[in-house]
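Remarks on the structure that follows.
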Amino acid sequence: MQPSGAPAGTGETVYLAVALDVPLPGLFDYSHDRPVAPGVRVRVIFGRRAMVGMVWAVREAPGVAADRVRPIEAVLDDLPPMPADWLRLAEFAAHYYHRPLGEVLLPVLPPSLRRPAAYTGARSAGGPVCRADRRPGASRAARKRKGAAQAVPADAADAAETAAGADAAAPQAADPVRDDAGPALTEAQTRALAGLRELLAAGAGVALLHGVTGSGKTELYLRLAQQVIAAGRQALLLVPEINLTPQLEQSVRARLGDRLAVIHSRLSEGDRLRAWLGASRGQADILLGTRLALFTPLPRLGLIVVDEEHDASYKQQDGLRYSARDLAVWRGHDLGVPVVLGSATPSLETWRHAQEGDYRLLSLPERAQAQPLPEIRLVDTRRARLEQGFTPQLLDALEDRLARGGQSLVFINRRGYAPVLRCPSCAWVSQCRRCTAHMVLHRLGGRHVLQCHHCGDAMPVPRACPDCGDPDIQPMGRGTQRVEEFLAQRFPGARVLRIDADATRLKGSAEALFARAHAGEADILVGTQMVSKGHDFARLGLVGVLNADAMLFSQDFRAPERLFAQLMQVAGRAGRREGGAQVIVQTDYPEQTVYQALLRHDYARFAAHALEERRDLGLPPFSSQALLTAQAVQVRDALDFLAVARARARALPEAAGVRIHDPVPLRIVRVARVERAQLLFESDGRGALHRLLRALLPGLDELARGAVQHWGIEIDPQEI
DNA sequence: AGCACGCCGACT
DNA sequence: GTCGGCGTGCTC
Ligand SMILES: [Zn+2]
Ligand SMILES: [Zn+2]
């Protein structure tokens, strides 16, 4: 660290334009005795507090009155300046998402690099980088985890298969062509790999690897990464949060060696910094991580892979609302590095790019191990007599699987026992006092409680109706817990295992529950979307889907797209190791395209239909959207703010070609005593929309003074 | 966003 | 009398 005022200054005062993580536009000028390179972090006093900022530019004169300018406290020179391409990426993100530079540059760094106290305390010992370098090994906890992971695979082939998750082409015991380079490829894999290698040879471009669950996409990523590493470059492999398991890490390590860095949000600060340093110093050849790994400097980057590119977890939901997939494509393009997007159900944005020829489309139409895809049955629930939500067909199928010793999965995307409690005599329902939403009945231990899924509030279940005293209040509908209870009682001999966010929180780690399922300690699994990702269950022969229609009723135009992806994913759990698997989807609307396309495992048909609809309605990907959001105690104030914003926008010359909708309250207006509303902007071209926002947004802070607590802009919203 | 200052209600 | 409530305003 270079203390300010240290010797060897030039004597000339310069002004450093510093980016700070504050929601204020622009940069802040600080004085210093010599120039400092852009991309270097500095410690400064801002207002009353110490902050870490990043130098963006050097100026000869301050942009504000000289008496307001303060000196740099310290130049944090324990790291070289951030590289130019990294600064370009951050600049693009700040510009595209309409946020100040500092709100991108600093939050994407490992936390210890942006905390001023990490450099000042008595125990700071030269700062976080020195401390990390002094203990180059991983932390004790990390070593323990690694040791445990390595101890597991007695059968390495099997471990690699489960681990690489959805898409490892599993080496079979009898596979004759297997060698150190990995399992033998199918014909389709070989063709796709050739296409990917052409992309690599071309040096840039985007490919969409479209392959059904189990078609072996992961194997192709690994081979491509191997090739890139052999050429002396680094590979960045992004995966959804839920897929980044110790097993995946272990299998990548087994295949690509120890020069692997892993970055995700659940790492300790020390481990995260060490991984980040390893990747940014070029010591790691491969970086495996979740969306936040996208912002890691990689000096020798040669390949970016985004697995399950349609996954919602690539979109950050708090702070800077960026899409790691979109930024990955930008970074690849900027650096002239190939980008591979993989999915069984690509986002329609990506699919359209592939159809238009912007992206190279490579398909893996079949499962790698030649098991047929499961047979799908739609069961019409309109005229069925239901038993706790189950049709006789599904119950019969469950019974049949039980008799044959197979495993089944009942999928219901709703946690808890019942979504609402209701009084039969009056209008009382279990309403949350802080939200416009029902409190959900949960079984906790042996007792029941009411829980709000939106604000986290909890309360005991009343013994009788609080309004009229009727003791006979009833749970309405069902969630995983009630389904679990029903199945246990309906099939007394069966071992029923529930896997959802509550079960994994309560009974220890998710991995332990999944391990029980894998070990065959359950006949019927009951789960939410948590079970539909990343995990294969060897003996799983039947998947039953309850309540799929709930996702269809959403106002959001992307609801069918998400439902289709969800159903394909959960259907893909069945029959991974043996044939004869079956999926039963209960629905009131079997004629809907989503379900008809699902019957044939036909993504292309679904996508063509959905795209046609989007084109007719002028929706993405045929238009660009932005959402202006506002929060207030009273939704009226939020709506008024948005109405004025709309009037201002319409008065601007930049409004030409931009459709500005009406301000509307959110579907769930109040969450934790805050009421929300939004205003949708839409235009056919991206440029017009962004020009309008650039003219409109700077004035809104002033407009929001008063009853509006908060406002924000979301570019390319994925839920509206 | 923090973090101050600032001016009115109930507490030792 | 002051402890603290959060309204308002500023931060290079
Ligand atoms: Zn009542
Ligand atoms: Zn609530």
Side-chain angles (χ1 to χ4, degrees), chain A residues 2 4-5 9 12-76 90-91 93-94 97-109 111-120 316-322 434 628-634 636-638 640-641 671-676 697-714:
Chain A
Q2 176 72 54
S4 101
E12 296 286 309
T13 295
V14 295
Y15 297 91
L16 305 180
V18 174
L20 294 170
D21 180 18
V22 288
L24 302 171
L27 301 163
F28 302 90
D29 294 342
Y30 286 84
S31 61
H32 196 53
D33 61 359
R34 84 194 73 183
V36 173
V40 170
R41 291 165 308 123
V42 290
R43 191 159 50 80
V44 297
I45 304 295
F46 183 73
R48 317 280 154 132
R49 64 204 154 120
M51 298 186 84
V52 170
M54 187 173 285
V55 176
W56 187 256
V58 182
R59 290 169 183 164
E60 288 184 3
V64 292
D67 60 349
R68 292 175 64 195
V69 175
R70 298 207 231 187
I72 296 279
E73 296 291 309
V75 176
L76 306 177
E91 183 180 30
Y97 293 108
H98 297 266
R99 301 303 317 175
L101 268 168
E103 277 191 35
V104 182
L105 289 167
L106 293 143
V108 302
L109 294 176
S112 45
L113 295 183
R114 52 182 146 97
R115 202 175 326 101
Y119 288 87
T120 52
Q316 177 135 71
Q317 283 306 328
D318 50 316
L320 180 80
R321 302 196 156 196
Y322 65 90
R434 307 168 64 209
L628 184 61
T629 60
Q631 306 185 341
V633 175
Q634 302 284 324
R636 188 71 258 159
D637 292 312
D640 287 347
F641 164 79
V671 168
R673 296 197 221 276
V674 174
E675 302 196 341
R676 301 113 27 104
L697 299 183
L700 292 190
D701 263 329
E702 197 196 353
L703 184 62
R705 253 176 238 164
V708 173
Q709 297 172 337
H710 186 80
W711 68 273
I713 188 76
E714 178 161 10

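- When DNA chain C is scanned in the 5' to 3' direction for atoms under 4.0 Å from non-hydrogen atoms of chain A, the outermost contacting nucleotides are C:dT11 to C:dC12.
- No donor-acceptor pair closer than 3.5 Å links the side chain of A:R43 to the backbone N or O of A:Y119.
- Between the side chain of A:Y30 and the main chain of A:E73, no donor-acceptor pair closer than 3.5 Å is present.
- Residue-level contact check: A:R68 touches the bases, meaning some heavy atom is under 4.0 Å from a base atom.
- For A:D29 (side chain) and A:G63 (main-chain N/O), a donor-acceptor pair under 3.5 Å exists by modelled atom type.
- Contacts of A:Y30 with the nucleic acid, taken as non-hydrogen atoms under 4.0 Å apart, involve only primed sugar atoms and P, OP1 or OP2.
- Within the 4.0 angstrom heavy-atom criterion, only backbone atoms of the sugar-phosphate kind lie near A:I45; the bases stay farther away.
- Side-chain atoms of A:R70 come within 3.5 Å of backbone N or O of A:G47 as a donor-acceptor pair.
- Distance A:L24 CG to B:dC3 P: 14 Å, rounded to the nearest Å.
- Using a 4.0 Å heavy-atom cutoff across all strands shown, A:L20 reaches no nucleic acid atom at all.
- Between the P atom of B:dG2 and the CG atom of A:D21 lies a distance of 8 Å, rounded to the nearest Å.
- Within the structure, no pair that satisfies the salt bridge (charged side-chain N to carboxylate O under 4.0 Å, His left out) test touches residues 46-58 of chain A, not counting sequence neighbours.
- Between the CG atom of A:D318 and the C1' atom of B:dA1 there is a distance of 14 Å, given to the nearest Å.
- Counting only residues at least two apart or on different chains, the ring-ring contact (aromatic ring centres under 6.0 Å, His included) pairs with a member in residues 46-73 of chain A are A:F28-A:F46.
- Note on A:V69: only backbone sugar-phosphate atoms sit closer than 4.0 angstrom, heavy atoms only; bases stay farther off.
- Rounding to whole angstrom units, CE of residue A:M51 and C1' of B:dC3 are separated by 12 Å.
- Residues A:P23 and A:R48 each lie close to DNA chain B; by heavy-atom proximity, the contact nearer the 5' end of the strand is made by A:P23.
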